[in-house]
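Model, not experiment: these values are computed from the prediction. Sequence lines set the chain letters: A, B, ... in the order given, protein chains first and strands last, and positions in each chain run from 1.
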Amino acid sequence: MSRRWIYVALTAALATAASIWAVPRLDEPGWFAYVGQGGAGDGPPLPSLSPDLFLYPVSAQVVLLAVGVGLLVQIYSTAYLGHHPRYRSYALIIILFLVGMIAVVGTTNLWVLLVGWEVMGLCSYLLIGHEWQTAEARAGAAKAFLVTRVADLGLLLAILVIGETYGTYDIVGAQIASSQDGVASSTAIGLLVLVAVVGKSAQFPLQTWLPDAMPGPTPITALIHAATMVAAGVYLAARLFPFYADSTVVLTAMAVVAGITMLMGALFALVQTDLKRALAWSTVSQLAFMFAAIAAGDPEAGTDHLISHGVFKALLFLGCGCLMHAVGSSALAAMGGLRRSMPATFWTMSIGFAALAGVIPTVGFFTKDSVLHAIEQSAGEDGGLATGTTYVLLGVALVTSFVTAAYATRLWLRAFFGPVPDGRQEHHGHEAPRAMIGPLVVLAVATFALSIGQPFHLGIGVVGTVIAAGGIAVVVWSWRGGSTLEWTTRPLTAELGLDRPFTSWAPAFARGVSRTVVDLDRDGVDVYPRAGAGVAGLTSRALELVQTRNVQRYATVIAVGVLVLVVAAVIWT
Amino acid sequence: MNIPIDWSLVAPAVIVMVGALVALLVDAFYPRRTWLGSGLPSTGALVVAGVLAHVHRDDIGRLSFALVAIILVGSLFVVVASNIMNFETAMPPGEFHFLLMSAAAGAVLMVVARDLVTLVISLELLSLPSIALVGLRQGDKVAIRSAWTFFLASVVSTAITLMGISLLYGVTGSLDYVEIREALASPEVPQSVVAVAVVLTLVGLLFKLGAVPFHVWIPDTYVGTSVMVAGFLSAVSKAAALGALLILVNVAFPYAYGTWQPLLAVVAAVTMTIGNIGALRQSDAIGLLAWSSIAQAGFLIAPSVALLTTEGLTAPVQYLAVYALANLVAFAALSVVLRLRGSTRIDELKGMVRTDPWMGIPLVFAALTLAGFPPAVIGLVTKYVVIRPVVDSDHVWLAVVMGVNVMLGLAYYLRLVVTLCDQPDGEPYVSPSPPVSVRIAKTTVLLGTAGLIALSAWPDLLLRHLP
Amino acid sequence: MPLLYPLVLASALFGIGLYGVLARRNAVMMLLGVELMLNAVNLNLVAFDAWFADVVHSGQVLTLFTITLAAAEIGLGLAIILALFRALRTVDVDEVGR
Amino acid sequence: MIVTALAVPFVIGLLLMVGRARVSGPVAAAIGAAAMTVSLLLYALVWEGRDVVSGEVDTSWIEPLGARLHLGVTAVSWPFLLMTAFIGVLCCLWLVARDTAPALVGLVLVISASSLGVFSSLDLLLFFVFFELALIPMWFVIAWFGTGDGTRRAATRFLLFTVAGSALVLVGIVVIGLDGGLQVDETVTGSLAAAVLVCLGFAVKTPIVPLHTWLPDAHSTAPTVGSVLLAAVFLKLGTYGLILFAPLMDRFADVAPYLAIAGVVGIVWSGFACYGQDDLKRLVAYSSIGHMGFVVLAISTRSDVGLAAAVFGSVAHGLITGLLFFTAGSLKDRFGTASMAAIGRGLYGRTPWLAVTFVLAAVASLGLPGLAGFWGELLSLRAAYEIGDVLTKPVAWTALALALVGVALTTAYFVRAIRLVAQGEPVEQDADRDLDRREAVVLGALVVAVLVLGLWPAPILDLFEPFTVVAGVAR
């Protein structure tokens, strides 16, 4: 038992150090303002990994979010996973993961950022695959790693293009250069960044890895797939926003991606029969909200929602872990009626669901409000999105709000109310240990605490509230009406078959091509040396046939040879 | 008519010839026909001839002197190493040494010849004793058959060469190299006849070199005769033919380069390729070396495409020196193997480096030299040397063919080398305390290897001083 | 006499000789073929010599040498054939080659 | 100093081969490790800075050909030298086992020393002599000490392919030697033939698709140290050759596009080939082709970034592939085969440290940032992106795109391998045994090297930054 706390202590130390570093920065002025040293040279230097640590207020918030959730997850895990034989590697990888996150957020050096980015990807891979005995965990881990890594190539190229364009690999330096010499290559940079964040944040069309990553231990899901790693995509998009802010193409593409993803994710979440998977789709949908804000030209709203979402989604996932701990499954069918047996979990998670649905006064409401406001505001502005696009985006966002409220309510109802399922003994639904409840409470408090000082936009706020209330009401009404809320619309439960290219087409293609290549390598490419050897062997045999010891044949060879040479010589001459 | 004779040129050949006669006479009048009895005068004559040649080296010319030196050293090597045969009653020592020395005299004469009459005579002086040498072992059916093969192929090509010479005479009106060159310089000579004449004239020399398609006699002859005679044919006889070819073409045919340059290039390319491919399937070390010597002939001929430059003349001679030494070492070592083990099949050589390092390592080193592979640096350097003039005369394709043939050659040299280094099968062969003759042969092998190693360590030794 | 006649004759002789070498099975007959080839050469040389009216008569000198060489070759050849016959009891080249 | 650094392993290697009966395997290996350490230290100490030729030795050798005994360490060759000596030390340490044949240690020393000679040579003919010198010892290593069927065949294939390539290089050297002499720092040639021949020749050694078919057989049948030396050192002879010769040839520009395309086609090709492999050693062998493709792409740009990329990529590949082959060798030692099906799943549970090392090596090999494999790939991509002096934009960017596909494929096949071997329901086997001390030392050293170079690439990259004259390479 005590050995487990070593890792908690390590994490706490890391969190403390990061906090000491980050907290004073929260009050600095400016949002990624151009401060610090740097300058454009003739060409980009070779990459280096000098840490170049520097925090802006937003980065400081993200760092605090990451280490905070990380520490809570670490504490939570002592109870949740403490008896696992591989707890040690698990806890260490979490710490490594946090270091990677801090590197991404806390540096101005793009290479350090990339290293941290990929270290997070690797840790995510290892943690999803923590239960590597099971086929789902293996498949999910492989898929997550592959998809994100392919997308990361976009970031790699984006960094190269930034370096080429501005002559430095320092973000601040590049910003200074862009302010002096003007922004260039913005479309290229933006699209490449978009590829990277679409992969990392599981946006359409690369969304499918995130739900499949759910075989990972639930605390990890809370940490990686809610609070930090997927959020890093949003963070990066916001961080590099100045480099592509003037490219309508990029912003429109981002808006389209965000619009599709948010609605799709919410709809998928609505029909899930598995709580954890539903929360995963919810994450996808919420991330799309943040991208919508960025696409609308207000990355600050996006990052704000990132922080708030990080908190309440972590709360939800950890709560989900408590439920799983209690009933041994994450299927909604196994839950139900847990309100009484798990009161602490119930209340904290209720707060989480409220924040997800956007109920005042949770932080979820305020940040969602800011996002909607940002979208609304950007309509009609010069540059950025076209007005039509903006309104479509706004419409989609509102519809999504409605669906979000609906599925949040549905999940809440199905998990905590209703009849106890037949198979479950009542005593199984016991409350989780304190080490697990504690983090939930902290996060629940934070869900309210963070709303302090959040702006409120009257018009859109009222509209949003009404829509959310509508969503809640519809579900509650239908529940009252006796519905089991088992909505199994076929195309939606099948997730529109969007997964198929990743799970069957791509592997089948790779397998087919690789089989062909292996065969070709053996029977095709290798033909020329083998043919050469064969020809040499045959010629050798033919030469032996000539060596018959028959003098006359030799004389004939000589005579014919002379004749050939003479004829050739005469022709040449 | 007073014909002037340049004695300084002819002296080495005459001394060698005298040595041949003395060897024969000693053998005839000394009742116990021992190997040493006729061998010692031969050795002495070769040494004296060498000294004489060195004294007159300025008259002879650097190139010819280098060739004479190679021939004399090679003959000396063969004479000394041939002691290995002293136990063979079927091998009459007097005749052996007489024929060997006569052939050597012919070889020396060939490279100092400056007119076609001398060339023809010296060629025959080399050929006829060689043929007799091949068939000398009495009662040996294989040997006599080989001699017959060699004889017929030889006389046919001699006849063709003579035909070429007669045509050349008909075109130029002279048999003197320099006069031929001057006559060919005139644009009035019928070019096609000149082409035919040049080609036919070169046939005899290419035949002696073993170039394709005149190589057919080589495998049968080398395998059929005694090992050291094969060594003599592969080293000394080729040296003489190559020297004669270089000098003849360089002095007499410079204006007919349009004929011989493509001819030699193609012949070289085909020769090295056929030779290497032929060697691939040999199971007998002698047969392997026979085919390899065909391939090496290709490498010897190749740089002659640049014969009219200094480097085109010196490169083949430098290659020849190393090739001859390595080949003689290999043949001498194999003659020892044959004497001790009764077979030269490659399988028999398995593990020799471990069981008999003093014979195994020289064989390995010789094979690596022939392959042109480090640690036998000299083999590699001489390969470089012969490729240089080829490239310099814009025959890059030929250079590439040479490169590919280095690879082909390695395929079988490697087989020889790894068999030698391999784990021996069964009981290691323990030779009874070897007789003096074997020790002498072994000593020559080791001396030759020492020479190769010295050259590998310091290639300048060769490249600077020869020719 | 025009140069052509002896040259044609020489060519014919050379060809016949070559044919003899390549076609006859008897070793002695092959030797004769070689002789014919050499004599074709001799004819050539003498004809050219006469035609040039060569002062030093190098053609004729070479002819003399060739005749000698031919004799030597025949001597050696016959010796070998004799040895072959002793060893193999035949002078048929097909048999010898087997 | 260089001469000593070369002579020590050479002489000791020869002595070990001659006196193989008088010394036991572990002792021989220890002696060998000591010799290689001496060499490594000498090479480390000889360094005088990147603007000069360090420890230069220049004496006459073959005057008529203009060849000199010219040795020296340059900014380009230094990383190669240190990497080679380091790998040599580790190979010897690996052999500190009871069943080691002393002759194998001798061969390893001779091979390492010849490779060091290649990297130290500043004379083209000397370069070539060293280049060839290591081949026959390697034949013995593969054929005698290899495992499985057809070791001889694989060894001979390896040798003949390589010699065919090097023969072309020899002809190329002749052309260069005739045009500008044999000294690396002076010569330059305008001959197209030289460029074609040299590139073709080194393409076999590197290897570049479609001249690579010798490699999988040789790598997979060789003993562990043989595979390591082949992959870590021998392939570098090819890339180093290209690096060395590219600036000497004006007409390299005509060959470069083909080289670049062949290189990236190799990346993709090997990626797919790896995806279908069952044998771990073959997989690693094929993956080497892909990594060499990146290096070739970098070289073909003939730019400063490309140079840095090629050097870093080569060195990193040496370390990572060494690690992979050592790991695969450990598995083969245990299970008698490197077939993933035979090794079975769940190594995480059966032999945790071995599995972790393997995963780390695989992750490094797939170019994860923060590990050594990344920087070489990254700089190659950057070199292609910047196009360089000799390529055209369509070619360079096509190559870039294909290379990116290759990166994705690399991830895919390594993830597949991890899934098949490290993860999965463990089925215990009798041979399950975690790392012993010898293995831990060797693997640990390589892991540390891979981590250090990954997190601190500066030691190598600083050699090329800022881009100025890199001594010894005419530029």
Check your understanding: Does the side chain of B/I247 reach to within under 4.5 Å of the side chain of B/L63, using non-hydrogen atoms?
Key -> yes
Bottom line for B/D422: the part with an atom under 4.5 Å from chain D's heavy atoms is both
Bottom line for D/L125: the part with an atom under 4.5 Å from chain B's heavy atoms is side chain
Please report the C-alpha distance between D/F202 and D/F131 in whole Å, then the side-chain angles of each, then the deciding distance to 0.1 Å, and finally whether the ring pair (Phe, Tyr, Trp, His ring centres under 6.0 Å) criterion is met.
CA-CA 11 Å; D/F202 285 125; D/F131 193 84; 5.7 Å; yes
Bottom line for B/L380: the part with an atom under 4.5 Å from chain D's heavy atoms is side chain
If you tally heavy-atom pairs under 4.5 Å between each of D/I136, D/L197, D/L65 and chain B, the highest tally belongs to D/L65
Of all heavy-atom pairs linking D/L14 and D/V110, the shortest is N-CG2, 4.3 Å
If one checks every heavy atom of D/L168 against chain B at 4.5 Å, the contacting part turns out to be side chain
So, the part of D/W61 with a heavy atom under 4.5 Å from chain B: the answer is both
Against the six-membered ring of D/W144, is D/R20 placed for a cation-pi contact (under 6.0 Å from the centre, within 45° of the normal)?
no
Could you tell me whether the side chain of D/T187 and the main chain of D/G181 form a donor-acceptor pair under 3.5 Å?
yes
Honestly, the part of B/L408 sitting under 4.5 Å from a heavy atom of chain D is neither
Turns out that what part of B/V418 lies under 4.5 Å from chain D's heavy atoms comes down to both
Applying a strict 4.5 Å limit to non-hydrogen atoms, the region of B/F373 in contact with chain D is side chain
Ranked by heavy-atom pairs below 4.5 Å to chain D, first place among B/V406, B/V400, B/L414, B/V396 goes to B/L414
Of D/L135, D/V129, D/T156, the largest count of non-hydrogen pairs under 4.5 angstrom with chain B goes to D/V129
Practice prompt. Ignoring hydrogens and angles, state whether a donor on the side chain of B/D347 or B/T419 is under 3.5 Å from an acceptor on the partner side chain.
Written response: no
Assert top hit (heavy-atom pairs under 4.5 Å, partner chain D, pool B/A399, B/C421, B/G372) equals B/C421
Q.
Quick check against the 3.5 Å criterion: does B/R388 have a side-chain atom that pairs as donor or acceptor with the backbone of B/V385?
A. no
**OP:** Show your reasoning for whether salt bridge (Lys or Arg N to Asp or Glu O under 4.0 Å) applies to D/D58 and D/R68.
**Re:** CA-CA 7 Å; D/D58 190 1; D/R68 306 179 61 77; 2.7 Å; yes
* Asked: Can you check whether D/L95's main-chain N or O pairs, donor with acceptor, with D/T100's side chain at less than 3.5 Å?
  -> yes
Applying a strict 4.5 Å limit to non-hydrogen atoms, the region of D/A164 in contact with chain B is both
